[in-house]
Amino acid sequence: MAEKNHVKAYEIGDLDHYLFGQGNHYEIYKKLGAHPVRDGREKGVYFAVWAPNAKSVSVIGEFNEWDRTANVMERTEPLGIYTCFVPDVEEYTMYKYCIETYTGEYVNKADPFASHAELRPGTASKVFDLTKIKWTDKAWMEQRRKWKHTEKPMSVYEVHIGSWRKHPEDEDGFYNYREFAVEIAKYIKNMGYTHIELMGIAEHPFDGSWGYQVTGYFAPTARYGTPEDFAWMINYLHKNKIGVILDWVPAHFPRDAHGLANFDGTPVFEYADPRKGEHPDWGTKVFDFGKNEVQNFLISNALYWIEYFHIDGLRVDAVASILYLDYGRKDGEWVANEYGGNKNLEAIGFFKHLNSVVLGRNPGAVMIAEESTAWPQVTDKVENDGLGFSLKWNMGWMHDFTEYMKLDPIFRKGAHYNMTFAMSYAYSERYILVLSHDEVVHLKCSMLNKMPGLGFDKFANLKAAYAFMMGHSGKKLLFMGQEFAQLREWSEARELDWYLLEEEPHQQIQNWVRDLLHLYKRRKAFYELDNSWEGFEWINADDKDRSIYSFIRHANGGRQNLLFVCNFTPIARDDYRVGVPRRKQYRLILNSDDAKYGGSGAERPTVYKAEKSECDGRPFSFAYSLPAYGVAIFEY
């Protein structure tokens, strides 16, 4: 479709309308929003906003003393996009759109496409020139195109910037993105994680929502600085070979007066029918996936983070709530699809479109579904009728694992198969095992305080739990603070209890997690065949009377395989014997009884030679003195 001759490069033209209306304008964020431009000799800002049912729209701000009559915008058709050029508007100037609704009321709205926002409790958008951001991570981005998550290690540290550490000199205790980048990079490299996952980056009004009720989808939150500061952080983390994943929330948005809800006096971004357009449990609005423009808003937002801000992946929040029309709703509170079912067919189409475009345009990026049900083919290819995600959070494993670990060891034999069940479906999707922030809030206890017993027992249980998790098939994610056995539940209002590291048991847990993570990165058996039955083999999955699990992780070519033995009771097994597949030497490479991990520090051999002696249904075996809650990892 030809552009009209008078349309300047930065203006909204016929082609923009057409592509946005089709849902295919993947870089619409470069046109909608506020963009500093030069119009002939004049410098200023070009504003554009989609408000299809408005009677009129004007841009108000510091530059016109918030006067709605000063800069009235022109409506362009066929979609109802309002535009205007305002000269001499400076960067960082605050603004909003004043929208006259069809009833004649006036509402002041933040810009849905704003790239910067006023620090809460303020709700205005701010002008920012995205073109001035300088990227210095070319080497990382080139390498990313060749990176394959199916073949590489992936251990994720989930972080909430505002409460990882509190800044002693900031009123809110917030570190700037740049300060945070330097501190977190040191910590991540020391601990051995491969990726960081950041909670609550898109602008949100309420700290207690943790960033899951977004009002500024294109604006890195001003709590920690400017978009330029945010980009500096990404550059710095990439320079330190740390991948960055963002939490992304396409499931719902809040009702705040300045946000997306009833944007032009009518439901623009949300479904009009409250049975589809509202989440009764959360008091939030649901995106209308039946509108191409709404799908385009979200898809362009995903691409904005991954392409413009070089983010390496998005963890997509609350996928199940989008897929199911009856999610969190009682009978009579939801509307069936055209076939009478409870699947949101429009949302299925959205996810297929989203993942095809994001991953098709960005090899090496990942899309991760937080999907809590048994929805099939979440990580299968779109051409196979899958949703096309790269990875899926394994919520089933998390539930079974934590329920088992909470039990007093005397009762664990009755729940023995909680720990083995996930292997029966481990390859139905590409999974990431998660112990996230959701597991350590709302009276669920910290990971340490989920463990039974007192003192030594709690810490020993947690060591065994983490070792089992690291050995199990699937990528890994652990929420901040759990790596050193935080005692209290997490709260966004305070920093982690770093002082605990002055106490030996907490330091020993951190040592254990750090050594597990570095071992995970160095040994291909942990991840190389993560998505294949050939990568995992039970030695004994049925030793429920002793609550011991033994299994092998295989590497490609049969070199550097790993044998795991995990004892989940306080009973030492001095006479323990483990069956093995080959008459080889088995070298002990990680031992929880080491003094630096809080063990006895007793000396023991490093190398164990298998002998011809049947055990666990295997022709060969060797003896190993297995301590209470003991974990041993052998290489052969």
Side-chain angles (χ1 to χ4, degrees), residues 10 27-37 43-50 59-64 66 71 84-86 88-98 108-135 161-162 170 172 174-181 198 200-207 211 213-235 244 246-249 253-254 256 258-260 263 297 300-311:
Y10 59 79
E27 296 179 358
I28 188 66
Y29 58 84
K30 293 181 178 178
K31 288 296 189 84
L32 290 174
H35 300 281
V37 295
K43 274 186 171 179
V45 173
Y46 182 73
F47 295 93
V49 62
W50 177 54
V59 60
I60 57 175
E62 294 177 301
F63 50 86
N64 64 14
W66 305 93
N71 295 106
C84 72
F85 172 78
V86 183
D88 302 323
V89 176
E90 299 292 326
E91 193 174 27
Y92 301 111
T93 299
M94 290 194 288
Y95 72 97
K96 282 187 176 179
Y97 297 114
C98 179
N108 295 338
K109 291 287 190 177
D111 186 347
F113 283 87
S115 53
H116 193 22
E118 183 184 9
L119 177 63
R120 57 94 179 101
T123 58
S125 300
K126 281 186 172 183
V127 174
F128 183 81
D129 184 4
L130 282 169
T131 63
K132 75 177 187 179
I133 287 176
K134 299 291 187 284
W135 291 101
I161 293 179
D170 180 85
D172 289 308
F174 295 146
Y175 277 89
N176 180 276
Y177 288 116
R178 298 175 190 239
E179 298 169 311
F180 171 76
L198 297 173
I201 291 301
E203 193 57 81
H204 52 285
F206 176 48
D207 290 4
Q213 295 200 12
V214 176
T215 49
Y217 274 80
F218 288 81
T221 178
R223 287 166 176 80
Y224 319 123
T226 67
E228 201 169 14
D229 295 329
F230 179 73
W232 192 96
M233 177 184 72
I234 305 304
N235 275 325
V244 185
L246 292 193
D247 270 5
W248 188 60
V249 192
F253 55 89
D256 294 64
H258 69 287
L260 299 177
F263 186 74
F297 172 79
S300 70
N301 182 241
L303 290 167
Y304 171 78
W305 293 115
I306 284 175
E307 294 180 353
Y308 200 91
F309 274 112
H310 295 195
I311 296 301

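Computed from a predicted model, the values in this text were never measured in an experiment. In this chain, residues are counted from 1 in sequence order. In what follows, every heavy atom counts, from backbone to side chain, and hydrogens, waters and symmetry copies are set aside.
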Chemist: Walk me through it: do D256 and F206 pass the test side-chain contact (heavy atoms from CB on, under 4.5 Å)?
Modeler: CA-CA 10 Å; D256 294 64; F206 176 48; over 6 Å; no
Chemist: Identify, with sequence neighbours excluded, every residue that meets salt bridge (charged side-chain N to carboxylate O under 4.0 Å, His left out) alongside K96.
Modeler: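 Once residues adjacent in sequence are excluded, K96 has no partner under the salt bridge (charged side-chain N to carboxylate O under 4.0 Å, His left out) criterion.
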Chemist: Examine F113 together with F297 and report whether their ring centres are nearer than 6.0 Å.
Modeler: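 Between F113 and F297, the centre distance is under 6.0 Å.
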Chemist: Under a plain distance cut-off of 3.5 Å, with no hydrogens placed, do D111 and Y95 share a side-chain donor-acceptor pair?
Modeler: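 The answer is yes; a qualifying pair exists.
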Chemist: Have N301 and Y29 got a donor and an acceptor in their side chains that come within less than 3.5 Å?
Modeler: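 Their side chains do not contain a donor-acceptor pair, so the 3.5 Å distance test is not met.
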Chemist: Measure the NE2-CG distance between H116 and D129 for me, rounded to the nearest 0.5 Å.
Modeler: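 The distance works out to 12.5 Å.
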Chemist: Under the side-chain contact (heavy atoms from CB on, under 4.5 Å) test, which residues partner N235, sequence neighbours left out?
Modeler: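 Result, side-chain contact (heavy atoms from CB on, under 4.5 Å) vs N235: W135, T136, D137.
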Chemist: Could you tell me whether the side chain of N176 and the main chain of R178 form a donor-acceptor pair under 3.5 Å?
Modeler: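 Side chain of N176 to backbone of R178: a pair is present.
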Chemist: For F85, check ring pair (Phe, Tyr, Trp, His ring centres under 6.0 Å) against everything at least two apart and list the hits.
Modeler: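 Per chain and number, F85 pairs via ring pair (Phe, Tyr, Trp, His ring centres under 6.0 Å) with no residue.
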Chemist: Could you point out which residue of F230, F180, F174, W232 forms a ring-ring contact (aromatic ring centres under 6.0 Å, His included) with Y224?
Modeler: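 Looking at F230, F180, F174, W232, the match for Y224 under the ring-ring contact (aromatic ring centres under 6.0 Å, His included) is F174.
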Chemist: Compute the ring centroids of F309 and F218, then answer whether they are less than 6.0 Å apart.
Modeler: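 No, the ring of F309 stays outside the 6.0 Å limit from the ring of F218, centre to centre.
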Chemist: With a 3.5 Å distance limit and no angle check, can you tell me whether E62 reaches the backbone of T93 through a side-chain donor-acceptor pair?
Modeler: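 Not at all, since once roles are kept as given, no pair shorter than 3.5 Å links the two residues.
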Chemist: Rounded to the nearest 0.5 Å, what separation is found between the CG atom of L198 and the CE atom of M233?
Modeler: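 L198 CG to M233 CE: 5.0 Å, rounded to 0.5 Å.
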Chemist: Salt bridge between R223 and E203, side-chain N to carboxylate O under 4.0 Å?
Modeler: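 Yes, this pair counts.
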Chemist: Would you say the side-chain atoms of H35 pair up with the backbone N or O of L32, donor to acceptor, closer than 3.5 Å?
Modeler: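 Yes; judged by distance alone, with no hydrogens or angles, the pair exists.
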Chemist: Answer yes or no: is there an ion pair linking R120 with D172, defined by an N-O contact shorter than 4.0 Å?
Modeler: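 So R120 pairs with D172 through a salt bridge.
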Chemist: Give a yes or no on whether the backbone of I133 and the side-chain of E228 come within a donor-acceptor separation of less than 3.5 Å.
Modeler: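 Checked: no pair found.
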Chemist: Counting only heavy atoms not in E27, do more than 12 fall under 6.0 Å of its CD?
Modeler: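 Yes, enclosed.
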Chemist: Can you tell me how far apart CG (L246) and CD1 (I311) are? Round to the nearest 0.5 Å.
Modeler: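 Atom-to-atom, L246:CG and I311:CD1 are 4.0 Å apart.
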Chemist: Is there a donor-acceptor contact under 3.5 Å from the side chain of Y217 to the main chain of V249?
Modeler: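 Yes, because the side chain of Y217 sits within donor-acceptor range (under 3.5 Å) of the backbone of V249.
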Chemist: Identify the heavy atoms of F128 and P227 that sit nearest to each other, and give their distance.
Modeler: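 Smallest heavy-atom distance, with atoms named: CE2-CB, 3.7 Å.
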Chemist: Given F63, which of V45, V127, N71 fulfils the side-chain contact (heavy atoms from CB on, under 4.5 Å) condition?
Modeler: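 Only one of V45, V127, N71 forms a side-chain contact (heavy atoms from CB on, under 4.5 Å) with F63, namely N71.
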